[in-house]
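Proteins come first, then strands; the chains are lettered A, B, ... in the order of their sequence lines, and each starts at number 1.
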2 protein chains.
Amino acid sequence: MQTPHPKISFKEQMHQARENAILQTTCRLLGEKAFDAMTMDDVANDVGIAKASLYKHFASKEELCCTAMVQILERVQAYLHGLPATMEPVDKLRALVRWSLERLISDEMPLLPSRNSSLRAVLMANKPYLDGLIAVSDQIGHWITEAQAQGRIDASLPPLVVLYTLYARACDPVVGFLKEGGQYSDAEIVELVLRTCFDGLAAR
Amino acid sequence: MQTPHPKISFKEQMHQARENAILQTTCRLLGEKAFDAMTMDDVANDVGIAKASLYKHFASKEELCCTAMVQILERVQAYLHGLPATMEPVDKLRALVRWSLERLISDEMPLLPSRNSSLRAVLMANKPYLDGLIAVSDQIGHWITEAQAQGRIDASLPPLVVLYTLYARACDPVVGFLKEGGQYSDAEIVELVLRTCFDGLAAR
DNA sequence: GTCTATATGACGATAGAC
DNA sequence: GTCTATCGTCATATAGAC
């Protein structure tokens, strides 16, 4: 693509940069609080623009949050695709949960919204989000059945149960509990939660 | 205590009965939706009284929900106290999580609010709730260390991590995911989630 | 103590000047 | 496209009649 009019291209760049700033702020705020608790004033103030300007970029609060979530899904897909092909399926699953826990602990939005119930309904009515979620779930689903065939994941658990459990642990509230306590480092918390997810509480 | 004026006693009974109805409705609604999403109109309409009457019983939405949560804590304490003394500590822990999952799956409020973030802040500022939570946590904490000493719970996990994990699993969102799918009975879902909690996803 | 009716404030969304 | 100022709506909480 050519840029015969640099000035227009510059304006578009500004526009894009602002839109990215809005989405980044949205991701952070949705990581900190629930969809209902996050207001459009919060987003506008944090980005440093007027609320009306926000509505020039996104037609509604729902559209803004859906776009942010679709972006997260795209990033996780890129991350999953970038995992070395030689990696064991079960280790890919661990890596996925770790990626999401690290986002969660740094107050960014994890793979799935952790503090939410009403956002869920909005997302489930959004085709781009659903498509992305299905793509990710398919990818994970393959690794689950492979890991079960290799005897690394409990083969007596239905794959769907494993998938849902991975999604749930990727935004495990235990992370927040432990972080509040303040006696473990972020890295320690991630490893502890990963262990409770894959190894369970019972002694082995 | 004597009741020289039966009529007053009757009035008090009515008052108490209405208050119980209010609390029961609150427990159900808080099991179905988040604190922010539940309105005082919802509660009043469901109980069948005017909203203003609600405020004669409870000074605020926060006070109402705190009272409901304290009642849950009292019930769980009664349940824990009623467990047979001969029961293994690890089985008492399982029973606790099962009790809460069964409440969760029947849309009553579980041991901890599952769909919430803003209610948490309210509860953490409420002394009666905190006292009850500490009492329950102490009881559970003893069982955890006993179970670890018996080699039934992974002794390399800090007891606090086990405690928080039990609380988190007691309102595990996987229950809701699986229930929506509709291919498992409530009892099956409870058992599956219990297994992922204590045995983990990895094969043993 | 219960009701109807309303005050108050927050939030999503928009109008209109620049 | 950005801003200030505002509308419409809904939820908490209360006033005041009965």
Report each atom pair, protein N/O against N/O of nucleotides 10-13 of chain C, whose distance is under 3.5 angstrom.
from	atom 1	to	atom 2	distance (Å)
C/dG12	OP1	A/Met38	O	3.4
C/dG12	OP1	A/Lys61	NZ	2.8
C/dG12	OP2	A/Met40	N	2.8
C/dG12	N7	A/Lys51	NZ	3.1
C/dA13	OP2	A/Tyr55	OH	2.7
C/dA13	OP2	A/Lys61	N	3.0
C/dA13	N6	A/Lys51	NZ	3.0

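Looking only at side-chain heavy atoms (C-beta outward), A/Gln139 and A/His81 stay at 4.5 Å or farther from each other. Between B/Arg169 and B/Phe198 there is no side-chain heavy-atom pair separated by less than 4.5 Å.
Between its opening and closing five pairs, the helix from C/dG1-D/dC18 to C/dC18-D/dG1 changes axis direction by 20°, a value rounded to 10 degrees.
Under the side chain to side chain contact (heavy atoms under 4.5 Å, CB included) criterion, A/Lys56 pairs with no residue at all, not counting sequence neighbours. With sequence neighbours excluded, the residues forming a side chain to side chain contact (heavy atoms under 4.5 Å, CB included) with A/Ser114 are A/Leu104, A/Pro110, A/Cys171, listed by chain and number.
Summarising the geometry of A/Leu96 relative to A/Val76, their closest heavy-atom pair is CD1-CG2, 3.7 Å, with the distance given to 0.1 Å. In plain terms, the two heavy atoms of B/Ala37 and B/Asp42 that are nearest each other are O-OD2, 3.9 Å.
Using a cutoff of 4.0 Å between basic side-chain nitrogens and carboxylate oxygens, A/Arg120 and B/Glu180 are scored as salt-bridged.
A donor-acceptor pair under 3.5 Å is absent between the side-chain atoms of B/Lys179 and the main chain of B/Ile189, judged by distance alone. Judged by distance alone, the side chain of A/Gln148 and the main-chain N or O of A/Leu157 form a donor-acceptor pair under 3.5 Å.
Tested against A/Leu64, the residues A/Met40, A/His57, A/Met69 include a single side-chain contact (heavy atoms from CB on, under 4.5 Å) partner, A/Met40.
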Going through the distances and angles, do B/Glu32 and B/Arg28 end up as a salt bridge (Lys or Arg N to Asp or Glu O under 4.0 Å)? CA-CA 6 Å; B/Glu32 289 172 6; B/Arg28 191 171 48 71; 3.1 Å; yes
Would A/Tyr167 and A/Val136 satisfy side chain to side chain contact (heavy atoms under 4.5 Å, CB included), going step by step from the backbone distance to the final call? CA-CA 11 Å; A/Tyr167 280 148; A/Val136 171; 3.7 Å; yes
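The span of DNA chain D lying next to chain A, judged by atoms under 4.0 Å from heavy atoms, is bounded 5' to 3' by D/dG1 to D/dT4.
Near DNA chain C, meaning a heavy atom under 4.0 Å away, there are no residues from residues 26-34 of chain A.
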